[in-house]
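Since the structure comes first, as structure tokens, the remarks are kept for the end.
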Number of protein chains: 2
Amino acid sequence: MSEPEPDFEMDLRCAQCPVRHHAICDALGASDIGELSDIMTHRTLTAGEVILHQGESSQLFAVIMSGVVKLTQILPDGREQIVGLLSAADSLGNPVSSLSNENAECVTDVKLCCFRRSQFGAVLRANPELEHRLLEQTVSDLKQARQWMTVLGKLGAQEKMARFILWLWKENRSACPHRSQGDPGSVIYFPLKREEIAGLLGMTIETVSRNISKLKSDGIIDLLDAKSIELRNVPRLQQIAQSYEDDHDQDNC
Amino acid sequence: MSEPEPDFEMDLRCAQCPVRHHAICDALGASDIGELSDIMTHRTLTAGEVILHQGESSQLFAVIMSGVVKLTQILPDGREQIVGLLSAADSLGNPVSSLSNENAECVTDVKLCCFRRSQFGAVLRANPELEHRLLEQTVSDLKQARQWMTVLGKLGAQEKMARFILWLWKENRSACPHRSQGDPGSVIYFPLKREEIAGLLGMTIETVSRNISKLKSDGIIDLLDAKSIELRNVPRLQQIAQSYEDDHDQDNC
DNA sequence: CGGATAATTGACTGGATTCAAGGGTAGTGG
DNA sequence: CCACTACCCTTGAATCCAGTCAATTATCCG
């Protein structure tokens, strides 16, 4: 139960990789990408599997090819806080130490592109552009963590829910920038249970549920099913969320 | 009021710098440090001065030589969350973009070693060891931000206070690892007002005050003055804080 | 269909905020 | 040196928001 069963598929090369140009490996050109493809292995995990344990040592460094992973911290008495959510093109694992600062657990089924820390570290040292890209991603993660600090520390339940929904919306949008029209059907799907939303926002499942219901009865959102929300009044939502218009984000993507 | 008045002193070189071997510049050896000393300027700021504004562009990147700086995020309605505290040897400013993600404001008088982003970036590109060191620091900051997320999201007022005091204690200890005996007089001084503690822990000044009083009346701490705490029962404090024994931290110094 | 897991809703409780008053302390100027 | 003021801290009382406990309904899968 502690170490997931590896599932190797050595045939798939970087050229066919769906996140080749969205993940940190984009920093390497066609001539250097071989350094990574030579040492990578693919692995498929199922929802609920634990990838990393907080405080424990691991040789894994990986890029997420598909699926969602949650980073959590667990208190001695069992309470769990979600401190990060990772999805396709994000990377996983501590790049500067073998000790993991958080637990990492699959929210959905997940496909990983895995490296041994030592081998990845060697490529990193040989390719400063790659390390620079890793720095950019870490700075971006830090920015997000600090934004969540503000949400957790200063916002009320209603405001937290609104922020969460708007955050989902933004993530959705940056993930699939296909439809160029005036975004007609603003339907968001998310794979998180109420318990996980609660774990992220620092509240209980009951409070999450109550506040979703409130937003629905106010006509601001509509619930298609428990994990699909349709936005009906975005400006109102932004107002409730105490968010500045839009974080004109020029980050990865 | 928006741009602090510079105060140049070109005479002081890196060799005399008190943080030369504790800050990121330690990554550069004696032969390369000149690249930095050639482009650095020292600046002295007084408590309350604002160094960076959230969402605004700035050409500043700096290393703190002395003093304490708080990083904050402010909501449209004025509520303020402290998302980070920086002190001697920490660096300040976004290394990958000119946009600042937070406000930075002096808590005490502060001495900075300043660089222009563009010039520092050039040194960074020429010295991968320096960029690696910056990555290490950013990862460390991210780890800390996520720990605060757990504090903000899951702990009660009493637990937050205990964590805060233990965090101060650890910071104190790593700052001056002089006295090697069994730490007899565990007195901690901190420059933060109640309002700032509240802003960091996601509570109000009144709740902060009440909980400090509670810890004092329980004999767990003693208050010498409003900003000096004496620890009287560390194990009890750790128990209240819901913290694991000690984050056997092998980080920077 | 049936059992298990997930989500909603209600009633009650409690801890933190809010509102308000009262001390303490530091810095200024007579 | 002391008085005065401004700011900071503490403490009390009342309120309120979110948590807890509990019951019901919905959904997913065998």
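Throughout, protein chains are lettered first and strands after them, A, B, ... in sequence-line order, and every chain is numbered starting at 1. Only a predicted model underlies this, so the values are computations on that prediction, with no experimental measurement involved.
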Taking atom NZ of K214(B) as the centre, report whether more than 12 heavy atoms of other residues, nucleotides or ligands fall under 6.0 Å from it.
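12 or below, so no.
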Base, sugar-phosphate, or nothing for S213(A), non-hydrogen atoms under 4.0 angstrom?
sugar-phosphate
Looking across every strand, which nucleic acid part, if any, lies under 4.0 Å from L223(B) by heavy atom: base, sugar-phosphate, or nothing?
sugar-phosphate
Among I220(B), L168(B), I221(B), find the residue that satisfies the side-chain contact (heavy atoms from CB on, under 4.5 Å) test when tested with L231(B).
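Only one of I220(B), L168(B), I221(B) forms a side-chain contact (heavy atoms from CB on, under 4.5 Å) with L231(B), namely I221(B).
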Between L155(A) and D225(A), name the one whose nearest nucleotide on DNA chain D is closer to the 5' end.
L155(A)
Report yes if a donor N or O on one partner sits less than 3.5 Å from an acceptor N or O on the other, where the partners are the side chain of E195(B) and the base of dC9(D); otherwise report no.
no
At less than 3.5 Å, do the side-chain atoms of E206(B) and the base atoms of dC19(C) form a donor-acceptor pair?
yes
Taking only the side-chain nitrogens and oxygens of [X], find out if one of them lies under 4.0 Å from OP1 or OP2 of [N].
X       : N       : result
T204(B) : dT17(C) : yes
R210(A) : dT8(C)  : no
S209(A) : dA7(C)  : no
T207(B) : dT17(C) : yes

If I take atom [atom1] in residue [X] and atom [atom2] in nucleotide [N], what distance separates them, rounded to the nearest angstrom?
X       : N       : atom1 : atom2 : answer
N211(A) : dC17(D) : CG    : C1'   : 10 Å
M203(B) : dC9(D)  : CE    : P     : 13 Å
K214(A) : dC17(D) : NZ    : C1'   : 13 Å
I205(A) : dG19(D) : CD1   : C1'   : 11 Å
K227(A) : dC28(D) : NZ    : P     : 9 Å
L192(A) : dA7(C)  : CG    : C1'   : 15 Å
L201(B) : dG15(C) : CG    : C1'   : 16 Å
K216(B) : dC9(D)  : NZ    : P     : 14 Å

Centroid-centroid under 6.0 Å between W148(A) and W148(B) rings:
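Aromatic pair excluded; centres sit 6.0 Å or further apart.
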Should R79(B) and E159(A) count as an ion pair when the cut-off is N to O under 4.0 Å?
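Yes, charged N to carboxylate O under 4.0 Å.
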Is there a salt bridge (Lys or Arg N to Asp or Glu O under 4.0 Å) between E80(B) and K70(B) once you walk through the steps?
CA-CA 11 Å; E80(B) 174 178 311; K70(B) 63 176 175 180; 3.5 Å; yes
